[in-house]
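Down below is the structure, laid out as structure tokens.
Per chain, numbering begins at 1; letters A, B, ... match sequence-line order. Nothing here was measured: the structure is a model prediction, and the numbers come from that model.
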Number of protein chains: 2
Amino acid sequence: MELQETLRAKGYRLTPQRQLVLDAVTDLGHATPDEACAWVKERSSAVNISTIYRTLELLEELGLVKHAHLSHGAPTYHAAAAPEHVHLICRVCGAITEVPPSTVAPLVDELDRNHGFVADVGHLTVFGVCAKCHQS
Amino acid sequence: MELQETLRAKGYRLTPQRQLVLDAVTDLGHATPDEACAWVKERSSAVNISTIYRTLELLEELGLVKHAHLSHGAPTYHAAAAPEHVHLICRVCGAITEVPPSTVAPLVDELDRNHGFVADVGHLTVFGVCAKCHQS
DNA sequence: GTTAATGCAAAAACTTTGCAAACCT
DNA sequence: AGGTTTGCAAAGTTTTTGCATTAAC
């Protein structure tokens, strides 16, 4: 689905800024508002930081991006078009690994059956220690 | 283990403020720095918000509290002494449910076996829609 | 008496808001 | 043309830092 169609379906307009912000998030994989802003600045004229915030909020409303609070402070956005994935974050080295949702399918089933809770897998983040750091 | 012993083992001192902050987190179950500050203010003389921040950081270093990024922005702390639990957060009504770690044991095993990733269950948060909100 | 910890105030980081000018359709 | 979106600047939040004073040991 084109960005323009999605926007116009709700009376919004396609602007270069909106396309750029979506491109930034898609290309970066994970991006804070600041990082997205920097990405845009590198390859086009700068987009104001407040526009970045407004655009990310809009894109999230449209379901094109999602956000999670991965690190300390800033929220991290990623494109919803990307295949859903679970984040593994190493607390020692900070590395972010992605694993397929099938990994957590049993958990999702369990929560649904026993708690009536429908988990949003695309938003799931597991903190811990990665293989590399666990050796030391 | 007493708070005082734990502190002194590392050359730190026990102060009323530190005891109060730990009490706040323990009693509240989940608390943002601001909420902990309010709790203290209600039953004792006020503790400066910067002291709250410094104390939470210290208590976390000592392993007495842990934090997660549950909501938008503010980190949420909980006592490490409390039994470990997984947080289920409903994106519709905001309700926080706690479930025992056994629920996610299969997932934890899987991540360890296939990715060498040792998950920190006490820090695990699952976003989704709770039973109540899912009906509508 | 030493050294660590607190409170205060100022700064830093992050996010939101109002409004005139510019742009999309 | 008409309504939406942007950039700018200012204000709001949340968190951190420096330093003199106070308190723990």
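Inter-residue side-chain proximity for A:L20 and A:T55 is flagged as unmet; no heavy-atom pair is nearer than 4.5 Å.
Comparing B:G11 and B:S50 by the nucleotide of DNA chain C that holds the closest heavy atom to each, the one mapping nearer the 5' end is B:G11. Comparing A:V47 and B:Y12 by the nucleotide of DNA chain D whose heavy atom lies nearest to each, the residue mapping closer to the 5' end is A:V47.
Between B:T51 and C:dG7 there is a side-chain N or O to OP1 or OP2 distance below 4.0 Å. Between A:N48 and D:dT6, a side-chain N or O to OP1/OP2 separation shorter than 4.0 Å is absent.
In this structure, B:R18 reaches the sugar-phosphate backbone alone: every heavy-atom distance under 4.0 Å involves primed, P, OP1 or OP2 atoms, never a base. As judged by a 4.0 angstrom heavy-atom cut-off over every strand, A:Q4 is placed among residues touching the sugar-phosphate backbone only. Nucleic acid contact for B:I49: none, since no nucleic acid atom lies under 4.0 Å from a heavy atom of the residue. Contact annotation for A:R54: base contact, defined as any heavy-atom pair under 4.0 Å involving a base atom.
You'll find that the side chain of B:T15 is closest to D:dA24, out of C:dG7, D:dA24, C:dT17.
Put simply, CG on B:D34 is 19 Å from P on C:dC14, counting in whole angstrom units. Computed from coordinates, the A:L20 CG to D:dT5 P distance equals 16 Å when rounded to whole Å. What separates NZ of A:K10 from P of D:dT4 is a distance of 15 Å, to the nearest Å. Atom CD in B:Q17 sits about 12 Å away from atom C1' in C:dA4, given to the nearest Å. Between the CG atom of B:L56 and the P atom of C:dA5 there is a distance of 15 Å, given to the nearest Å. Here the C1' atom of nucleotide C:dT3 and the CG atom of B:L7 are 15 Å apart, to the nearest Å. In this structure, A:Q19 places its CD atom 16 Å from C1' of C:dC23, rounding to the nearest Å. Nucleotide D:dC8 holds its P atom 17 Å from the OH atom of A:Y53, rounded to whole Å.
Between the base of C:dT3 and the side chain of B:R13 there is a donor-acceptor pair shorter than 3.5 Å.
No more than 12 heavy atoms of other residues, nucleotides or ligands sit less than 6.0 Å from atom CD of B:E57.
If you check the side chains of A:N48 and A:S50, you find a donor sitting under 3.5 Å from an acceptor. Checking B:H78 against B:E98 by side-chain atom types alone, no donor-acceptor pair falls below 3.5 Å.
Ion pairing between B:K66 and B:D120 holds under the 4.0 Å rule for side-chain N and carboxylate O.
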